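These numbers come from a predicted model, not from an experiment.
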Amino acid sequence: VEADARFEQRLARSGSRGGELIVLLYTANPKSVRSWPVSAFGEIGTRLANNFDARIVAADEPSDNSFTNGVSSLLRAGAIKLAEPGAPELVAAIARSSVVITDEPAVSQIATELGTPVIEVADAFSPSSASSPGHRIAQRSSRSQVSPDAVYEIACEMIQENRSPSLFQRP
């Protein structure tokens, strides 16, 4: 509960108006050749912010700040950087997000268990598999070959699917 409240306060301090699309970007090891490139995370974050007015949250793994350091200059002003978050804060951010984009199977699993739609960028060696309709995988022989365009298309589909039912609900 405390971590949820802290994350909501962080959203408010960043100018969040509430009700907006929140996209969490996460990679555990941004310097690894097996990771999806930081520039790709930056591109997808910028496109979703520009085209959907999404609030972008870049999150490091607990006790690290290498991803937020690398991606912050690539993101639009107003993006939230969760540098060196505690595990409860990271889980609160995942739970609050509209969509999580990650190359980390464990974070994909957490998002799926919390009911948060997730796009997992995977390579041919990843042991992951989509375990729900809200868990999509963008996969190529290596993560670096997964294009931001492919991830953007999946994100657009997921956003549309998540918003469409609310258009037809009666109060």
Counting N and O atoms only, with roles assigned by atom type, does the side chain of [X] sit under 3.5 Å from a partner on the main chain of [Y], one being a donor and the other an acceptor?
{"X": "R96", "Y": "E8", "answer": "no"}
{"X": "R140", "Y": "V146", "answer": "no"}
{"X": "N65", "Y": "A83", "answer": "no"}

Side-chain heavy-atom pair [X], [Y] within 4.5 angstrom cut-off:
{"X": "S108", "Y": "H135", "answer": "yes"}
{"X": "F7", "Y": "V57", "answer": "yes"}
{"X": "E61", "Y": "L90", "answer": "no"}
{"X": "Q160", "Y": "E157", "answer": "no"}
{"X": "T102", "Y": "W36", "answer": "no"}

Co-membership, hydrophobic cluster, residues I110 and F67, 4.5 Å side-chain: no
Co-membership, hydrophobic cluster, residues L114 and I101, 4.5 Å side-chain: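 Not linked; separate clusters.
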Side chain to side chain donor-acceptor pair (under 3.5 Å) assessment of T68 paired with D60: CA-CA 6 Å; T68 55; D60 286 303; 2.5 Å; yes
Polar side chain donor-acceptor pair, S39 to E43, under 3.5 angstrom: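 Their side chains do not contain a donor-acceptor pair, so the 3.5 Å distance test is not met.
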S147 and D149 side chains, donor-acceptor separation under 3.5 Å: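 No pair is found: no donor N or O on one side chain lies under 3.5 Å from an acceptor on the other.
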Full working for side chain to side chain donor-acceptor pair (under 3.5 Å) between Q145 and S141: CA-CA 7 Å; Q145 291 180 340; S141 60; 2.5 Å; yes
Show me the donor-acceptor pairs within less than 3.5 Å that the side chains of residues 21-33 make with the rest of the protein, sequence neighbours left out.
residue: T27; atom: OG1; partner: D103; partner atom: OD1; Å: 2.8
residue: T27; atom: OG1; partner: D103; partner atom: OD2; Å: 2.9
residue: S32; atom: OG; partner: R34; partner atom: N; Å: 3.0

